[in-house]
Amino acid sequence: MSDLEEPTHFVKKIIQSDLDANKIQRVKTRFPPEPNGYLHIGHAKSICLNFGLANTFAGECNLRFDDTNPEKEDSEFVRAIIEDVQWLGFKWDGEICYASDYFSKLYEWAQHLISVGKAFVCELSMEEMRLYRGTLTKKGTASPYRNRCPEESLSLLEKMKKGQIDEGAMTLRAKIDMGSSNINLRDPVIYRIKNLKHQRTGAKWKIYPSYDFAHGQGDALEGITHSICTLEFQANRPLYDWFISNLPVPSKPKQYEFGRLNINYLVLSKRKLKKLVDDRVVDGWDDPRMPTIRGLRRRGVSARAIRDFCDSLAIAKTDGIVDISQLEHFIRDDLNQHAFRAMCVINPIRLFLHNYDPAKVEILQIPRHPNKTELGFRSVPFSSMLLIDRNDFTEDSSLSRKKFKRLVLGDYVRLRGGYVVKAIGVDKNSKGDIEQINGEIVEDTVGQEPPEGCKPRGVIHWVSEVHSVNCTIHQYDRLFNTALPEEGSQPFVDYINPESLVVKKDCKAEAGLADASIGEYYQFEREGYFCLDSVLGSQSNLVFNCTIGLKEKSSKYS
RNA sequence: UGGGGCGUAGCCAAGUGGUUAAGGCAACGGGUUUUGAUCCCGUCAUUCGUAGGUUCGACUCCUACCGCCCCAGCCA
């Protein structure tokens with residue numbers, strides 16, 4: 001019984017049994033985005049599934065753009081999607097594929113269907129077609145054009161293709177079954193006229209195939225064995241199969257559906273994400289609060305964390321809502337292992353050490369990672385004039401040691417990686433605000449236990465005032481203040497958390513952070529995980545995004 | 001409402017006639033700790049949507065009922 005056993009799920013089982021039964025020699029999957037928006041974490045689940053399957057079964061995975069609707073698509077999205085897939089750490093097999101590569105073949109196949117009496121050109125308007133289609137409970141009625149002879153349909157289709165027919169005036173429909181209880185089978189439209197330039201084929205085509213007519217055939221042409229999509233396509237599967245069995249396709253792929261990813265406190269639909277961008281609720285598709293791949297990346301979430309999270313997800317037929325804490329767990333888990341440690345004081349107040357030579361500067365060597373000293377040490381200057389966080393000091397000595405593990409007037413605290421110090425007094429201004437804490441070090445306590453009787457209450461972070469570097473910190477909170485923003489009585493934008501971004505200026509970071517670079521991950525000890533913002537940040541203007549805070553005991557004093 | 005799916009803990013789930021009903025997240029206790037982090041240990045479903053039935057034995061099979069999701073784009 002090994003605990004290293006790979007988790008299995010129904011798609012893996014199907015593939016394994018197809019392999020065992022010799023139905024296929026090799027698995028081939030595909031990730032088929034429509035280039036009409038940016039990828040988000042929901043897509044990442046599909047990417048990890050498809051590429052992951054190819055990887056675990058030593059098969060192949062294609063990247064194919066489902067570009068059948070020029071109305072919504074753009075080459076900018078193609079570029080961005082390619083970049084995101086690569087950043088996530090995946091490499092597709094062979095060349096990138098496009099549904100538009102198959103337009104000619106699809107056209108031939110449309111002609112084939114007409115020839116064998118299984119498709120016809122219909123002149124019903126959109127409105128009429130809706131009426132003829134029937135309803136969930138009422139069967140549809142046949143289009144008056146349904147029995148038009150193949151020759152006529154063929155020549156009409158030719159005219160549609162050449163742009164001789166007005167948009168909306170005609171469509172090509174598969175002739176299946178207007179009485180089917182599955183509405184998708186009631187003579188679905190397979191070609192529509194769109195007098196639009198396509199991002200790849202330009203003005204060559206005036207007609208474009210529908211998703212249903214393009215997807216399965218694209219799979220067949222690429223030799224996809226297992227075409228995995230989300231649950232909402234279950235009703236399309238009979239149609240998928242119908243085309244595969246009625247067309248002279250080179251292979252017979254099968255469609256399988258799994259539950260798409262939902263996460264609470266987040267919204268994962270291109271349409272809604274676009275609204276956030278268009279309404280300027282966020283700063284763009286790569287705003288660190290966005291669940292897009294680019295947003296997460298800019299926020300400081302690594303590709304590995306996203307992959308680990310996706311791999312932890314169930315591939316099942318239930319449509320559940322994953323708790324965001326599960327995502328956060330994998331983000332912290334990865335960062336904890338890989339982020340270098342550093343110190344940064346977010347709400348600085350001076351701590352002046354009266355028994356430390358003002359002219360002296362010690363360069364302390366502190367591990368980059370406390371649990372991995374093999375990663376080396378960093379140099380942190382120590383002097384008599386320090387800065388600590390205002391929240392790490394109190395004059396209230398009645399607080400118990402368990403309740404307040406920081407600096408208290410008259411008591412001791414350990415400065416992380418440095419001396420144990422004691423607070424001996426405060427300087428206040430006329431309003432009574434503390435302007436400086438006065439303290440003193442306990443000699444010989446760097447890297448050593450303090451003498452008997454001296455018990456630091458805890459460990460706090462600090463920086464040397466003159467050596468510190470100024471920085472700005474962007475702290476994020478969840479974008480929505482309700483778990484299911486799409487299910488409230490109000491439009492989802494009404495649930496936006498107005499404090500999802502808090503900018504803290506004039507924070508003081510340890511000297512070494514002057515060399516912070518984009519793409520590097522840091523843990524600011526006792527605060528959280530941070531990264532240099534890839535858009536606003538630079539070495540001359542340090543802007544750090546808080547990827548996520550450290551986990552805190554609920555009993556923590558705040 | 002016709003059709004197609006799905007209901008196992010607060011969340012995600014494994015489980016396919018006999019197991020003490022996996023695992024992860026969350027939560028809660030305790031230990032370690034120069035990060036209130038990490039790490040470690042422990043607790044957390046007498047019960048599988050409900051009600052019947054079959055069976056020596058049911059989360060697994062049958063029946064009925066209930067609930068949720070998807071489909072009536074010339075979107076994907």
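Every chain is numbered from 1, with letters handed out A, B, ... down the list of sequences. Below, each value reflects all heavy atoms present in this structure, side chains not excepted, and no hydrogens, waters or symmetry copies.
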Could you tell me whether [X] contacts a base, only the sugar-phosphate backbone, or nothing, with contacts defined as non-hydrogen atoms closer than 4.0 Å?
| X | answer |
| --- | --- |
| A:Asn236 | base |
| A:Thr171 | base |
| A:Ile366 | nothing |
| A:Gln523 | base |
| A:Phe233 | base |
| A:Pro370 | base |
| A:Gly168 | base |
| A:Gln448 | base |
| A:Lys194 | sugar-phosphate |
| A:Ile321 | sugar-phosphate |
| A:Thr68 | sugar-phosphate |
| A:Lys551 | sugar-phosphate |
| A:Val446 | base |
| A:Thr445 | base |

Give a yes/no answer on whether the side chain of [X] brings an N or O atom under 4.0 Å of OP1 or OP2 in [N].
| X | N | answer |
| --- | --- | --- |
| A:Thr318 | B:A13 | yes |
| A:Arg416 | B:G36 | no |
| A:His461 | B:U35 | no |
| A:Arg526 | B:U34 | no |
| A:Arg260 | B:A76 | no |

Length of the line joining [X]:[atom1] and [N]:[atom2], which is rounded to integer Å:
| X | N | atom1 | atom2 | value |
| --- | --- | --- | --- | --- |
| A:Asn371 | B:C39 | CG | P | 9 Å |
| A:Phe10 | B:G5 | CZ | C1' | 11 Å |
| A:Asp333 | B:C25 | CG | P | 8 Å |
| A:Ile331 | B:U38 | CD1 | P | 15 Å |
| A:Phe213 | B:A76 | CZ | C1' | 17 Å |
| A:Leu399 | B:G36 | CG | C1' | 14 Å |
| A:Asp212 | B:C70 | CG | P | 18 Å |

Whether A:Gln16 side chain and A:Lys12 backbone form a donor-acceptor pair below 3.5 Å: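 Judged by distance alone, no pair lies under 3.5 Å.
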A:Arg457 (side chain) donor-acceptor with A:Phe404 (main chain) under 3.5 angstrom: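 Checking the backbone N and O of A:Phe404 against the side chain of A:Arg457, a donor-acceptor pair under 3.5 Å is found.
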For RNA chain B, the dot-bracket pattern of Watson-Crick and G-U pairs whose distances stay under 3.5 Å, | for other-strand partners: .(((((((.[[[..)..(....]]].(((((.......))))).....[[[[[..)....]]]]])))))).....
Nearest-angstrom distance, [atom1] atom, [N] to [M]:
| N | M | atom1 | value |
| --- | --- | --- | --- |
| B:A21 | B:G29 | P | 28 Å |
| B:A58 | B:U63 | C1' | 15 Å |
| B:G49 | B:C66 | C1' | 7 Å |
| B:A37 | B:C28 | P | 12 Å |
| B:U50 | B:A14 | C1' | 23 Å |
| B:G10 | B:A51 | C1' | 27 Å |
| B:U38 | B:A27 | P | 10 Å |
| B:U35 | B:C68 | C1' | 45 Å |

Anti or syn - B:G7, cut at 90° from 0: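 Base orientation: anti.
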Candidate nucleotides [options], ranked by approach to the side chain of [X] - the nearest:
| X | options | answer |
| --- | --- | --- |
| A:Thr8 | B:C75, B:G2, B:G15 | B:G15 |
| A:Ser181 | B:G2, B:U1, B:U34 | B:G2 |
| A:Ile183 | B:A72, B:C25, B:A76 | B:A72 |
| A:Glu525 | B:G2, B:G5, B:U35 | B:U35 |

Residue whose closest nucleotide on RNA chain B lies nearer the 5' end, A:His369 versus A:Glu71: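 Taking each residue's closest nucleotide, the earlier one in sequence belongs to A:His369.
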5'-most by nearest nucleotide on RNA chain B - A:Leu136 or A:Lys13: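 Nearer the 5' end of the strand: A:Leu136.
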Return yes if the base of [N] and the side-chain atoms of [X] contain a donor-acceptor N/O pair under 3.5 Å, otherwise no.
| X | N | result |
| --- | --- | --- |
| A:Arg414 | B:U34 | yes |
| A:Glu449 | B:U34 | no |
| A:Arg130 | B:G73 | no |

Verdict with reasoning, A:Gln337 to A:Asn371, per side chain to side chain contact (heavy atoms under 4.5 Å, CB included): CA-CA 9 Å; A:Gln337 295 178 58; A:Asn371 309 332; over 6 Å; no
Side-chain donor-acceptor contact under 3.5 Å, A:Glu232 with A:Thr230: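 There is such a pair between these side chains.
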Over-ring placement of A:Arg200 relative to A:Tyr98, 6.0 Å and 45° cut-offs: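 Yes, a cation-pi geometry.
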Steps toward side chain to side chain contact (heavy atoms under 4.5 Å, CB included) verdict (A:Tyr522, A:Leu513): CA-CA 9 Å; A:Tyr522 305 92; A:Leu513 252 11; 3.9 Å; yes
Between CD1 on residue A:Ile321 and CG on residue A:Asn264, distance to nearest 0.5 Å: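 Here the rounded value is 7.0 Å.
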Check: [X] ring centre within less than 6.0 Å of [Y] ring centre:
| X | Y | answer |
| --- | --- | --- |
| A:Tyr191 | A:Tyr208 | no |
| A:His215 | A:Phe233 | no |
| A:Phe524 | A:Phe544 | yes |
| A:Tyr132 | A:Tyr145 | no |

